[in-house]
Trainee: 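Take a look at this one; I'll ask things after.
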Number of protein chains: 2
Amino acid sequence: MVEASPLILIIEDEPQIRRFLQAALTGAGYRPIEAETGKMGLAQAATQPPDAIILDLGLPDMDGLEVARQIRAWSSVPIIVLSARGQEKDKVAALDLGADDYLTKPFGVGELLARIRVALRHAARTEGEDGQAVMVVGDLKVDLAARRVFRADTEVHLTPMEYRLLTTLVKHAGKVLTHAFLLKEVWGPANARETHYLRVFMANLRHKLEADASRPRYLLTEQGVGYRLADE
Amino acid sequence: MVEASPLILIIEDEPQIRRFLQAALTGAGYRPIEAETGKMGLAQAATQPPDAIILDLGLPDMDGLEVARQIRAWSSVPIIVLSARGQEKDKVAALDLGADDYLTKPFGVGELLARIRVALRHAARTEGEDGQAVMVVGDLKVDLAARRVFRADTEVHLTPMEYRLLTTLVKHAGKVLTHAFLLKEVWGPANARETHYLRVFMANLRHKLEADASRPRYLLTEQGVGYRLADE
DNA sequence: GCGGATCTTGATGGTTTCTTGATGCAAACA
DNA sequence: TGTTTGCATCAAGAAACCATCAAGATCCGC
């Protein structure tokens, strides 16, 4: 049985940020629990499985990436990582390990809560009906069984690569997907460094699916990291 | 001038019974093909998918049940099993595996033909989307039970392969069907890579069914993927 | 075996899609 | 504010794919 308010585990060593997160989450109706170190965080996650985890990558006792890896070994709970400026590499590595989203310090309350909402919604959806044949995001519709794509109820023709790229984004709607992940999924592991492919094909998809390709509403760029399909 | 008469595969080791079946089926307007052993039968079914199969359970080289199981692995073609008196257990097992009907030796011609008619009619019905024996798409009409095809209310003659290809598309109208799927359904799993067959036969079908074969309205190409029958 | 219909196979030209490079713009950083 | 890095866009060549025609090969009933 799930309690009414989602349980959120904070793994963060700096007391200041812990207090800030605690206050923000409580105020928004969540139930935060805290852990100061990676080991404590893992113990908490194991004994009291949370609905989402906020994980600081800069922990004193162990690498934040290692924490993420160990959690992913047995759980698919949404993980939002916190990174300091200039920790781009760790951030991307965490997302590649299966983290769902990231926040760069300093960040605002609104941003934090928005990310948590998306993560929780996404988790609920994928737990529910996973083998969906038709996926809908806003006024985009992808019929996986018939292999057809619609925007605002008019069919859009996609090439094979465009279709594969879109379906990978749709299957992980709301989540940040790294360049490497998308390239591996669509073009195969051998092309994991051809980021240029992604640029060209994202541009093509935007022209076919967005009302205004230069101000995308669905196909969002995460600079230095990858892309994300907006969830609503 | 041969209509697309149903192809019936006989898997039977005893020459006497084979000759009897051959004569009875030919006389009734079917096209029988023969296999003496289980292995040969599977090979035949794979390279030249029949519309129904008559399978003797008492084969010398392999268990008739195993033959049925392997055919059911990729096809839902009707299977009528022949069993000797006292083989009740095998008969029931075969029906459990998905065989459609059975005949106990000795049996008469009338009984045999009745079972085949039932099996073919049943296949035509259940394979259609809503149990419809007649499917209509635009001004195309396919009567699965009677094996007749009409375009704008005039009958069109199709060769057996053309008919099989069209019915496969009709049964999944609106869906994109991959080359491999169509080839497996129509030419059998052994020919899953012969995409050239598809090109030739799609061209033939277009000439017979489309108003303008170079601008198809029903039989649509999905480049790099397969083909699709428009559903509206 | 013969003639007709059907299926298979090969060759050719046209079209779509993918890849690649060049260029300008936007965001991050000092 | 200038510099650097990363991103968007466009276009052209290369590659993959498709349509079509036609000539053998095969199968069928007679």
Trainee: On the 0 to 90° scale, with breaks at 30° and 60°, tag the Phe201(A)-Trp187(A) ring pair as parallel, tilted or perpendicular.
Mentor: perpendicular
Trainee: Should the heavy atoms of other residues, nucleotides or ligands under 6.0 Å from CG of Asp153(A) be counted, would the total exceed 12?
Mentor: no
Trainee: OH of Tyr163(A) versus P of dT17(C): gap in Å, rounded?
Mentor: 15 Å
Trainee: By nearest atom, which of the nucleotides dC18(C), dT19(C), dT9(D) is closest to the Tyr197(A) side chain?
Mentor: dT19(C)
Trainee: Between dC18(C) and Trp187(A), is there an OP1 or OP2 to side-chain N/O distance shorter than 4.0 Å?
Mentor: no
Trainee: Tell me: CG of Leu7(B) to C1' of dT6(C), nearest whole Å?
Mentor: 13 Å
Trainee: Within this structure, what is the CE-to-P distance between Met161(B) and dT26(D), rounded to whole angstrom?
Mentor: 15 Å
Trainee: From dT20(D), dT19(C), dC7(C), pick the nucleotide closest to the side chain of Pro160(B)?
Mentor: dC7(C)
Trainee: Report the relative orientation of the aromatic rings in Tyr227(A) and His179(A); use parallel for angles under 30°, tilted for 30 to 60°, perpendicular for over 60°.
Mentor: perpendicular
Trainee: Separation of Leu158(A) atom CG from dT16(C) atom C1', in whole Å?
Mentor: 14 Å
Trainee: Roughly, in whole Å, what's the span from CD1 in Ile33(B) to C1' in dC28(D)?
Mentor: 14 Å
Trainee: So for atom OH, which belongs to Tyr102(B), do other residues, nucleotides or ligands contribute more than 12 heavy atoms lying within a distance under 6.0 Å?
Mentor: no
Trainee: Using modelled atom types only, decide if a donor and an acceptor are shared between the side chain of Arg148(B) and the backbone of Asp143(B) within a distance under 3.5 Å.
Mentor: no
Trainee: Looking at side-chain heavy atoms only, is the closest gap between Tyr163(A) and Leu144(A) below 4.5 Å?
Mentor: yes
Trainee: Of the nucleotides dA11(C), dC18(C), dT8(C), which one has an atom closest to the side chain of Phe201(B)?
Mentor: dT8(C)
Trainee: Kindly point out which of dT6(C), dG21(C), dT8(C) is positioned nearest to the side chain of Val200(A)?
Mentor: dG21(C)
Trainee: Would you kindly compare His196(B) and Glu162(A) by the position of their nearest DNA chain C nucleotide and give the one closer to the 5′ end?
Mentor: His196(B)
Trainee: In residues 217-230 of chain A, which residues come under 4.0 Å of DNA chain D by heavy atom?
Mentor: Thr221(A), Gln223(A), Gly224(A), Tyr227(A)
Trainee: Go through dC18(D), dC18(C), dT9(D) for me and flag the one nearest to the His179(B) side chain.
Mentor: dC18(D)
Trainee: Would you mind reading off the distance between Arg206(B) atom CZ and dC21(D) atom C1', rounded to a whole angstrom?
Mentor: 16 Å
Trainee: Measure from the side-chain heavy atoms of Thr159(B) and tell me the nearest of dT17(C), dT20(D), dT6(C).
Mentor: dT6(C)
Trainee: Would you kindly compare Tyr30(B) and Thr195(B) by the position of their nearest DNA chain D nucleotide and give the one closer to the 5′ end?
Mentor: Thr195(B)
Trainee: With salt bridge (Lys or Arg N to Asp or Glu O under 4.0 Å) as the test, pick out the partner of Asp231(A) among Lys175(A), Arg117(A), Arg121(A).
Mentor: Arg121(A)
Trainee: Rounded to the nearest Å, what distance is computed from the NE2 atom of residue His157(B) to the C1' atom of nucleotide dA5(C)?
Mentor: 8 Å
Trainee: From dA19(D), dG6(D), dG10(C), pick the nucleotide closest to the side chain of Arg199(A)?
Mentor: dG6(D)
Trainee: For a quick test of reading the model, state the closest non-hydrogen atom pair linking Ala192(A) to Leu183(A) and the distance between them.
Mentor: O-CD1, 3.2 Å
Trainee: What is the distance from CG of Leu183(A) to P of dT19(C), rounded to the nearest Å?
Mentor: 11 Å
